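In what follows, a structure is listed as structure tokens, so that the remarks can point back to it.
Since this is a predicted model, take the numbers as computed values, not measurements.
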Amino acid sequence: MRVLCVAEKNSIAKSVANILGGGQVKRRDTKSKYIKNYDFTFDFGGYIGTAQVTMTSVSGHLTEASFPSEYNSWSSVPQDILFDARIITSVSKNANVLADNIKKEARNATYLYIWTDCDREGEHIGMEITNVARISNPQIRVIRADFNNLERKHIIQASKRPRELSKDAADAVSARIELDFRLGAIFTRLQTLQLQRAFEILQSKVISYGPCQFPTLGFVVDRWQRVEDFVPENFWSLKLVDKRERQTVNFTWKRNRVYDRLAAILFLEHCLDAKVAKVVKVNQKPTRRYKPLPLSTVELTKMGPKFLRISSKKTLELAESLYTNGFVSYPRTETDQFDSGMDLHGIIGKLTPSEDWGTFAQGLLDGNFRIPRKGKHNDRAHPPIHPISFVHRSALQSQDHWRVYELITRRFLACCSENAIGAETIIELQMGDELFSQKGLIILERNYLDVYPYDKWTGTGQLPAYQVGEEIMPNMLNIIDSVTTSPSYLTEPELIALMDVNGIGTDATMADHIEKVQEREYVVKRKKRGAATEFVPSSLGIALAKGYDEIGLEWSLTKPFLRKEMEVQLKNIETGHLDRDALVQMTLSQFRDVFHLTKQRFDCLKNSCRLYLIELNEG
DNA sequence: GCAAGGTC
């Protein structure tokens, strides 16, 4: 009996082989330097029993979509033909050696045992592997492992309880592939050809459309528009100051602010009429600051730009490099909860040699350990990002590698710590009808904050003692006049947060889309004063977004709704409530209308480009 | 020369 196991990537193949092979694994090289074949014997039990096993892997998707070559010419093929053109699915160029490896290894196997990640894309990759294996061995029986972490017990259990590949999940992916491919080609060609013809400065540019890159651009333009539209407004507020025990206590007005100076004066006069302020509330309560949730990819890509000044794309790349070197766990995960079976103490134990956080880690082992909080996400494929082993600063390739490793490690230790504990005092004064309050915060136990410098919780110190009912004569009561400040341009963490809630891209691709809109020169990254960066749309980016708005589509292509809707429908396919072809046909017919209207009203885009690229740029 | 999703 021979069984061929195929994982989504070499790291999984290697781990699973080592668990199942129990130290008796023979490694063979393949023609790909990333992929190895692992041979061992294993007893699967049940109907398979003891078998000669070869465990290998692919490297993500094996195949890609293309049109037959007669559709390759941009200029002579009318774009709308691509709504119906045949799509060829073939093994992509760099995956040829992997496909050959699978064909060869499948030839003498009775079972093909799929070990791709247990997510939607993994089911599709499993189908791709199946199709390739059946070329050399049409009789091969296909089963699929159901696993979501790499713990020994779990993997052995999974190996004995295979399930079927989910056709529904694979269908959902296949729908996404077809739609993204067709629509990307159709609208990219339309925009590029028409705008290149109309504007000399665009002649060498590809004006691409993508269902993720366009909404990404849209978010940047929306914020830019808010900044443009901003009109500063005056406002007024009351400020009350009391001095006691050599402390100056500033009370803020409960109404916060009014936009009418006369109103502010009236409120002030009412207060002055009352002459004294009365203490109406002294509220003392324990408070805490929650430790962070276990780290997901989206969180990591937000933290990089924010705390390390490293772009989301670069942060993810650095984390991947740390992963392939065995220092951190798999960095592409939606999960923000640790499985209860995970050996967190074991990981903490590995971190104690550090001079940076070793003492803290030891403290956790000596009794400070607390169970991590659980977030709401679990992709059932990977645990939250956490350190795997300890590495010295000097052993890493660069300072930035270290900073990302440090962030991941400190985040992990923070998750295993106690929340920070404080005491909060709220004092409320009433003067006439007006209320004023002040908060005091003392931090009693820093706990996780000691290992996690990315969170700030600053105490305001102890407030002097006040008694309810006490009457005080304020040392100062007056009007403060201020002016509202402009919103700022979108930062990278804000952009990722927007993409996340709107379902634009996946955790692992959001950073790519952000890079893509910059590469296309739709968006420019700008250094803000004080080193933070922000995104501003280019003239071209603004022109596209405004132009599509003008066309008057029900949902503009730069808005996130179309993608959001598609995500919902893909879920429906995945759960068996919607047919794959039905969705594809429905979506294509919807976009056919979008296409014709866009083409018919293309002058909107041209006018917009003329305005933003030429006229407004001349001054 | 087009997309987005895997992965190295």
Side-chain angles (χ1 to χ4, degrees), chain A residues 6-14 30 32-36 57-67 71-75 77 79 82 85 87 89 91-92 94-95 97-98 116-117 119-129 169-170 172-193 195-196 202-216 297 316-325 330-333 379 381-382 499 503-517 519-520 557 562-563 566-567 570 591:
Chain A
V6 186
E8 190 162 318
K9 45 192 163 271
N10 178 57
S11 65
I12 300 280
K14 185 178 170 184
T30 71
S32 160
K33 69 173 171 181
Y34 303 113
I35 305 299
K36 312 283 176 207
S57 72
V58 289
S59 189
H61 286 283
L62 273 176
T63 59
E64 64 186 3
S66 62
F67 292 117
Y71 297 97
N72 284 354
S73 164
W74 287 33
S75 52
V77 176
Q79 290 102 26
L82 300 179
I87 286 184
T89 300
V91 173
S92 55
N94 47 12
V97 286
L98 309 183
T116 51
D117 295 355
D119 52 28
R120 199 201 277 166
E121 299 291 332
E123 298 303 311
H124 190 269
I125 295 169
M127 291 291 179
E128 295 175 62
I129 296 166
V173 171
S174 133
R176 173 192 64 71
I177 291 172
E178 177 172 345
L179 290 170
D180 288 348
F181 179 62
R182 284 193 199 279
L183 300 174
I186 291 165
F187 283 89
T188 299
R189 291 184 188 189
L190 172 71
Q191 292 177 169
T192 304
L193 292 177
L195 292 175
Q196 279 184 351
L202 297 179
Q203 262 172 20
S204 58
K205 285 206 168 90
V206 173
I207 322 281
S208 65
Y209 163 78
C212 287
Q213 47 180 279
F214 254 47
T216 304
T297 306
L316 197 49
E317 278 173 16
L318 290 164
E320 278 158 7
S321 154
L322 291 165
Y323 159 69
T324 47
N325 284 298
Y330 190 62
R332 288 185 280 261
T333 173
D379 62 18
H382 308 283
M499 296 172 76
I504 304 301
T506 67
D507 48 3
T509 59
M510 287 175 198
D512 293 330
H513 301 311
I514 294 175
E515 189 152 276
K516 182 63 90 182
V517 292
E519 183 192 318
R520 294 288 185 228
L557 295 186
L562 286 166
R563 188 61 175 192
M566 185 172 132
E567 273 303 319
L570 292 182
F591 269 89

What does [X] touch in the nucleic acid at a heavy-atom separation under 4.0 angstrom: a base, only the sugar-phosphate, or nothing?
| X | result |
| --- | --- |
| A:Glu123 | nothing |
| A:Arg176 | base |
| A:His513 | sugar-phosphate |
| A:Gly122 | nothing |
| A:Arg520 | sugar-phosphate |
| A:Thr188 | sugar-phosphate |
| A:Phe187 | nothing |
| A:Asp117 | sugar-phosphate |
| A:Thr116 | nothing |

**OP:** Send over the distance from A:Asp180 CG to B:dG5 C1', rounded to a whole Å.
**Re:** 8 Å

Can you figure out which of [options] approaches the side chain of [X] most closely?
| X | options | result |
| --- | --- | --- |
| A:His61 | B:dG6, B:dC2, B:dT7 | B:dG6 |
| A:Thr506 | B:dG6, B:dA4, B:dT7 | B:dG6 |
| A:Ser59 | B:dT7, B:dC2, B:dG6 | B:dT7 |
| A:Thr509 | B:dG1, B:dG6, B:dA3 | B:dG6 |
| A:Tyr330 | B:dG1, B:dG6, B:dT7 | B:dT7 |

Original post:
For B:dT7, does either OP1 or OP2 sit under 4.0 Å from a side-chain N or O belonging to A:Arg332?
Top reply: yes

Original post:
Is any side-chain N or O of A:Tyr71 closer than 4.0 Å to OP1 or OP2 of B:dC2?
Top reply: no

Please check: side-chain N/O of [X] versus main-chain N/O of [Y], any donor-acceptor pairing under 3.5 Å?
| X | Y | result |
| --- | --- | --- |
| A:Arg182 | A:Ala85 | yes |
| A:Ser57 | A:Ala7 | no |
| A:Ser92 | A:Leu62 | yes |

**OP:** Could you say whether A:Lys205 or A:Tyr34 is positioned toward the 5' end of DNA chain B, judged by the nucleotide with the nearest heavy atom to each?
**Re:** A:Lys205

Subject >> First of A:Phe181 and A:Leu62 reached from the 5' end of DNA chain B, by closest nucleotide >> reply: A:Phe181

Original post:
Is A:Glu567 paired with A:Arg120 through a side-chain N to carboxylate O contact shorter than 4.0 Å?
Top reply: yes

Subject >> 4.5 Å side-chain heavy-atom contact, A:Gln213 and A:Ser208 >> reply: yes

Subject >> Under-3.5 Å donor-acceptor pair between A:Thr324 side chain and B:dC8 base >> reply: no

**OP:** Could you label the plane-to-plane angle of the A:Tyr209 and A:Phe591 rings as parallel, tilted or perpendicular, counting under 30° as parallel and over 60° as perpendicular?
**Re:** tilted

Original post:
Is there ring stacking between A:Trp74 and B:dG1, where the centres must be under 5.5 angstrom apart and the planes under 30 degrees?
Top reply: yes

